[in-house]
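This is the structure, below, for whatever I ask next.
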Amino acid sequence: MENKSRVLIIGATGNLGHHLVNASLHLSHPTFALVRPDSFSDPQKSQNLQDLSDAGVTLLQGSLEDEDSLVKAVKQVDVVICSVQAKLVLHQKLLIQVIKNAGSIKRFIPSEFGLDPDKTQISGMDYNFYSNKAEIRRLVEAEGIPYTFVSCNFYTSYLLPSLVQPGLKVPPRDKVTIFGDGNTKGVFVKEIDVAAFTIRTLDDPQTLNKVLYMRPPGNVYSLNELVELWESKIGKKLEKVFVSEEELLQKIKETAYPDNMALIFIYSAFIKGDQTYFDIELASGADATKLYPELNYTTISQYIDTLL
């Protein structure tokens, strides 16, 4: 059997993190997880950690603020994946320094897992959500660390369960709001599939120092197409209320942070087209589904079926 990279996952108990761990184990990578010491005393997390350990994950105590723990962890692996929450993105700076000093990491995947922060067109609106991620990119590049940046766009668990209706938890069955003209396309990918594509790319030279984009066929939809799909599944036409770009911007202004972030993300994806307005340039990017056609994934239509 080929030698598989040893993988360290930081954020292994999180939303995406546990899928990354499972995908890593599934592809037979020796898998390590850096876990905060207080997680072991949290009843729910400690059970999750026990499950990880039972599955074959090597648990290492430490955190992004503890340099000694980072040094010890990085020494044991070939690849580092960070999947911490967006609010902790800048906390990766010490980790980047440790990786640089170690000089042995073959691939670093920083915590990004969303829209490409170098392509978004909402500068000054997003409370540094994307500029912080871009700052980490520049630091990784400046330090000469081998990387892959993962741009998976939206998770299916975000906005899609309500058919992109802020404030709702389930899709509407009478009246639906459509932002803009409803023709700009966005992208949704299920977390388990994001993890599978991410782990599949670790030892692939084709994605070294590139952005791995996820735009799976069947997962790129406009709001009009989403509503049409939902209508076909419930056998009913919905009343459509169109909200213009100006009206949405006004609503963003009137809504307090962080409650306005969902509206900002909708503006970014479905008005500005930040997920789909650009072509993937092969010199600096790669299309995950074209690279790995053997990987199955959940389409939007299949996901919507679970909401019926």
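All figures in this text were calculated on a predicted structure; none of them were measured in a lab.
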Roughly how far, to the nearest 0.5 Å, is the CD1 atom of Ile266 from the CG atom of Leu159?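 Going from the CG atom of Leu159 to the CD1 atom of Ile266 covers 5.0 Å.
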
Between Arg36 and Asp66, is there a salt bridge with N-O shorter than 4.0 Å?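 Answer for the salt bridge query: no.
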
Is it the case that the side chain of Lys133 and the backbone of Glu112 share a donor-acceptor pair, with hydrogens and angles ignored and the cut-off at 3.5 Å? yes

Between Asp116 and Arg137 (salt bridge meaning N to carboxylate O under 4.0 Å), is one present in this structure? yes

Once rounded to the nearest 0.5 Å, what's the spacing between atom CG of Asn209 and atom CZ of Phe108?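 It comes to 13.0 Å.
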
Over 60° means perpendicular and under 30° means parallel, so tell me whether Phe265 and Tyr130 are parallel, tilted or perpendicular. perpendicular

Quickly, which of Leu223, Val243, Val164 forms a side-chain contact (heavy atoms from CB on, under 4.5 Å) with Ile178? Name it, please. Leu223

Taking Arg6's backbone N and O only, do any of them form a donor-acceptor pair with Thr31's side chain (distance below 3.5 Å, no angle check)? no

Taking side chain to side chain contact (heavy atoms under 4.5 Å, CB included) as the definition, give me every residue that meets it alongside Ala269, ordered by chain and number, with sequence neighbours left out. Phe154, Gln275

Given Leu95, which partner from the list Ile136, Leu64, Val84 fulfils the side-chain contact (heavy atoms from CB on, under 4.5 Å) test?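 The side-chain contact (heavy atoms from CB on, under 4.5 Å) with Leu95 is passed solely by Leu64 among Ile136, Leu64, Val84.
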
Please check this pair: side chain of Tyr277 against backbone of Lys119, looking for a donor-acceptor N/O pair closer than 3.5 Å.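 Checked: pair present.
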
Checking side-chain polar atoms at under 3.5 Å, does Tyr127 have a donor or acceptor matched by the opposite partner on Asn260?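 Distance-only check passes for Tyr127 and Asn260.
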
Rounded to the nearest 0.5 Å, how far does CG of Leu20 lie from OG of Ser83?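 So the OG of Ser83 and the CG of Leu20 are separated by 5.0 Å.
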
Please check if atom CD in Glu141 has more than 12 non-hydrogen atoms from other residues, nucleotides or ligands closer than 6.0 Å.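 It does: Glu141 CD has more than 12 such atoms within range.
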
Would you say that more than 12 heavy atoms from the other residues, nucleotides or ligands in this model lie under 6.0 Å from the CD of Glu228, or not?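 Open.
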
Examine the side chains of Thr148 and Arg107 and answer whether a donor and an acceptor come within less than 3.5 Å of each other. yes

Could you tell me whether Arg138 and Asp118 make a salt bridge, using a distance below 4.0 angstrom between a side-chain N and a carboxylate O?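 Looking at Arg138 and Asp118, the cut-off is met.
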
How long is the straight-line distance from CG of Leu70 back to CG of Leu34, given to the nearest 0.5 Å?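 Result: 6.0 Å between the selected atoms.
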
Taking Gln92 for the side chain and Cys82 for the main chain, is one N or O donor matched with an acceptor at less than 3.5 Å?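 No, Gln92 side chain to Cys82 backbone: no donor-acceptor pair under 3.5 Å.
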
Short side-chain to backbone donor-acceptor contact, Gln121 and Lys272, under 3.5 Å: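 Yes; judged by distance alone, with no hydrogens or angles, the pair exists.
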
Can you see whether Ser39 engages Asp42 through a side-chain donor-acceptor pair at a distance of less than 3.5 angstrom? no

For the backbone of Leu163 and the side chain of Gln165, can you confirm whether one donor and one acceptor N or O come within less than 3.5 Å of each other?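 Yes.
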
Decide, yes or no, whether a salt bridge links Asp203 with Lys4 under the criterion of side-chain N to carboxylate O below 4.0 Å. no

